[in-house]
Asks: 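Please read through the structure below; I'll follow up with questions.
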Amino acid sequence: MHGHVAVSLLPALVLFALFFLVPLVVLAVTAFSRWGGVDFAFTGLDNYRRLVSDPVFWKAAGNTLFYCGASMVIQVPLGVAVGMTLAMKVPGWKVFRTIIFIPFVISGAAYALVFSMFYNPSYGLLNNLLAPVTGGRHDWLFDSGTARWAVAGTFVFIIGFVVVVVMAEVAAIPTELLEAAEVDGASLIQRQLFIVLPLLRNIIGTVILVRLLVDIGMFDLVFILTSGGPDNATTTLALYAYRAYVHGQWGYANAVGSVILILGATLIVTVRRVFRIGERAL
């Protein structure tokens with residue numbers, strides 16, 4: 001019996017080893033080397049010494065954390081609020097749910113192209129709308145003072161995933177709880193804030209975790225919109241690693257990748273503990 005179980009698990013184990021364990025080992029080993037695809041030599045901690053002494057790396061790390069913070073402060077709370085509202089089945093809630101979810105299924109590359117035109121300093125819609133107020137046109141993506149905010153503005157309002165997940169979780173809350181609170185005199189807002197919202201703890205932690213893991217690997221939006229400019233004002237860790245890779249510095253790129261991996265693992269542990277993901281809310 002155990003032999004049959006082992007055989008049935010073998011294909012999954014082979015795929016897991018091939019697409020996860022092997023790349024992970026390669027990443028860990030080559031991060032301590034000078035590697036360009038053909039030449040290979042162990043260099044110890046040289047790649048990491050170079051990292052900590054490179055101001056562009058720290059700028060990329062700061063930008064990556066900035067985008068993660070934008071998701072936590074704007075995207076997730078907004079998505080939770082909209083999801084809780086639509087879950088009450090307000091008039092037209094199905095239409096609003098569909099409209100809100102559509103941007104989520106559009107590819108990041110296509111979304112970036114749309115926003116590159118939206119922010120265009122010559123004919124962009126944003127400048128056309130603001131010109132009567134500001135009296136001029138601004139290059140939002142290539143001004144170091146506004147570039148990060150402009151990039152963040154392309155994704156923080158894509159709340160479709162959060163909305164749909166929150167609505168599904170609200171639907172699973174026993175109606176008896178809300179009915180009992182209503183009988184006890186709790187208003188609609190009180191029921192939402194003191195019953196529904198606390199019961200969403202697990203799912204809120206989960207969507208925060210998903211968004212953070214997406215944001216620490218952000219590449220396509222930034223690459224298409226700004227290529228990391230101006231003056232690395234929007235460069236992310238993923239884009240920083242990509243630059244090293246295209247210049248044949250594969251070992252250094254993998255050292256950056258290991259930092260991203262460690263950052264992701266740290267976020268997973270932290271968010272799971274803060275939101276107690278996996279524990280029963282009732």
Side-chain angles (χ1 to χ4, degrees), residues 20 64-108 111 152-184 186-218 220-221 236 238 260-282:
F20 181 79
T64 301
L65 293 177
F66 174 83
Y67 297 136
C68 290
S71 287
M72 288 189 62
V73 175
I74 301 175
Q75 187 180 43
V76 173
L78 181 61
V80 171
V82 173
M84 291 174 62
T85 302
L86 295 185
M88 292 187 288
K89 298 184 178 180
V90 296
W93 68 274
K94 291 184 178 180
V95 176
F96 287 119
R97 180 184 61 183
T98 302
I99 294 173
I100 291 170
F101 190 74
I102 287 175
F104 176 71
V105 300
I106 299 175
S107 72
Y111 214 75
T154 65
F155 67 86
V156 292
F157 299 109
I158 306 177
I159 59 175
F161 170 74
V162 182
V163 169
V164 170
V165 172
V166 167
M167 290 182 68
E169 188 71 7
V170 172
I173 295 176
T175 56
E176 293 81 1
L177 290 176
L178 301 177
E179 292 171 354
E182 185 177 5
V183 170
D184 289 338
S187 66
L188 176 62
I189 294 178
Q190 289 175 325
R191 295 196 299 271
Q192 294 297 310
L193 291 179
F194 299 113
I195 297 179
V196 176
L197 188 59
L199 292 176
L200 295 177
R201 187 197 70 233
N202 265 290
I203 205 63
I204 292 175
T206 300
V207 295
I208 286 177
L209 187 56
V210 170
R211 283 308 317 170
L212 290 179
L213 294 179
V214 169
D215 292 338
I216 63 173
M218 183 178 294
D220 52 352
L221 277 175
T236 62
I260 297 174
L261 190 65
I262 292 170
L263 178 59
T266 303
L267 290 175
I268 290 173
V269 173
T270 302
V271 174
R272 283 184 61 87
R273 288 186 176 180
V274 170
F275 287 89
R276 306 195 308 277
I277 297 176
E279 298 180 16
R280 291 180 59 88
L282 288 174

Asks: Would you compute the distance between atom CD1 of I204 and atom CD of E169 and round it to the nearest 0.5 angstrom?
Replies: 9.5 Å
Asks: Taking the side chain from R191 and the backbone from A186, do they hold a donor-acceptor pair closer than 3.5 Å?
Replies: yes
Asks: Which heavy atom of I216 sits nearest to which heavy atom of G264, and what is that distance?
Replies: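 Shortest heavy-atom separation between I216 and G264 comes out as CD1-CA, 3.5 Å.
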Asks: Write down the atom of L86, the atom of V90, and the distance for their closest heavy-atom approach.
Replies: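 Nearest heavy atoms, L86 then V90: CD2-CG2, 4.1 Å.
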Asks: Taking it one step at a time, do L213 and I268 satisfy side chain to side chain contact (heavy atoms under 4.5 Å, CB included)?
Replies: CA-CA 8 Å; L213 294 179; I268 290 173; 4.0 Å; yes
Asks: Between T236 and M218, is there a donor-acceptor pair closer than 3.5 Å when you use the side chain of the first and the backbone of the second?
Replies: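 At least one qualifying donor-acceptor pair exists.
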Asks: Indicate yes or no: at least one non-hydrogen side-chain atom of V80 is less than 4.5 angstrom from one of L197.
Replies: yes
Asks: If you round to the nearest 0.5 Å, how far is CD1 of I208 from CD1 of I203?
Replies: 11.0 Å
Asks: How close do I159 and I100 get, counting heavy atoms only, and between which atoms?
Replies: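 In this case the closest contact between I159 and I100 is CG1-CG2, 3.7 Å.
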Asks: L193 and P198: which non-hydrogen atoms are nearest, and at how many Å?
Replies: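 In terms of heavy atoms, the two residues are closest at O-CD, 3.3 Å.
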Asks: If you count every heavy atom of other residues, nucleotides or ligands that lies below 6.0 Å from F96 atom CZ, does the total exceed 12?
Replies: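 12 or below, so no.
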Asks: Once you round to the nearest 0.5 Å, how far does CD1 of I99 lie from NZ of K94?
Replies: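 Between atom CD1 of I99 and atom NZ of K94 there are 14.5 Å.
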Asks: With a 4.5 Å heavy-atom cut-off, do L78 and V162 have their side chains touching?
Replies: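 No, side chains not in contact.
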Asks: Indicate yes or no: at least one non-hydrogen side-chain atom of I158 is less than 4.5 angstrom from one of Y111.
Replies: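 Result yes, sub-4.5 Å side-chain heavy-atom pair found.
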Asks: Roughly how far apart are L199 CG and F194 CZ, rounded to 0.5 Å?
Replies: 13.5 Å
Asks: Got a second to check how far L177's CG is from I195's CD1, nearest 0.5 Å?
Replies: 6.5 Å
Asks: Can you sort out the partners of F157 under ring pair (Phe, Tyr, Trp, His ring centres under 6.0 Å), two or more places apart, ordered by chain and number?
Replies: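 Applying ring pair (Phe, Tyr, Trp, His ring centres under 6.0 Å) to F157 gives none.
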Asks: Out of curiosity, D215 CG to Q75 CD, how far, rounded to the nearest 0.5 Å?
Replies: 7.0 Å
Asks: Taking all heavy atoms of M84 and all of V166, pick out the closest pair and write down the distance.
Replies: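 Where M84 meets V166 most closely, the heavy atoms are N-CG1, 3.9 Å.
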Asks: Between L209 and F275, does the side chain to side chain contact (heavy atoms under 4.5 Å, CB included) criterion hold? Intermediate values first, please.
Replies: CA-CA 10 Å; L209 187 56; F275 287 89; over 6 Å; no
Asks: Out of V170, V183, V196, L188, which residue meets the side chain to side chain contact (heavy atoms under 4.5 Å, CB included) rule with L178?
Replies: V196
Asks: What's the shortest heavy-atom distance between M72 and P77, and which atoms?
Replies: O-CD, 3.0 Å
Asks: If you look only at pairs with a residue in residues 160-181, which of them pass as a ring-ring contact (aromatic ring centres under 6.0 Å, His included), with sequence neighbours excluded?
Replies: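 Residue pairs passing ring-ring contact (aromatic ring centres under 6.0 Å, His included), neighbours aside: F104-F161.
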Asks: List the residues meeting side chain to side chain contact (heavy atoms under 4.5 Å, CB included) with L65, not counting sequence neighbours, and say none if there are none.
Replies: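 Side chain to side chain contact (heavy atoms under 4.5 Å, CB included) list for L65, sorted by chain: L263.
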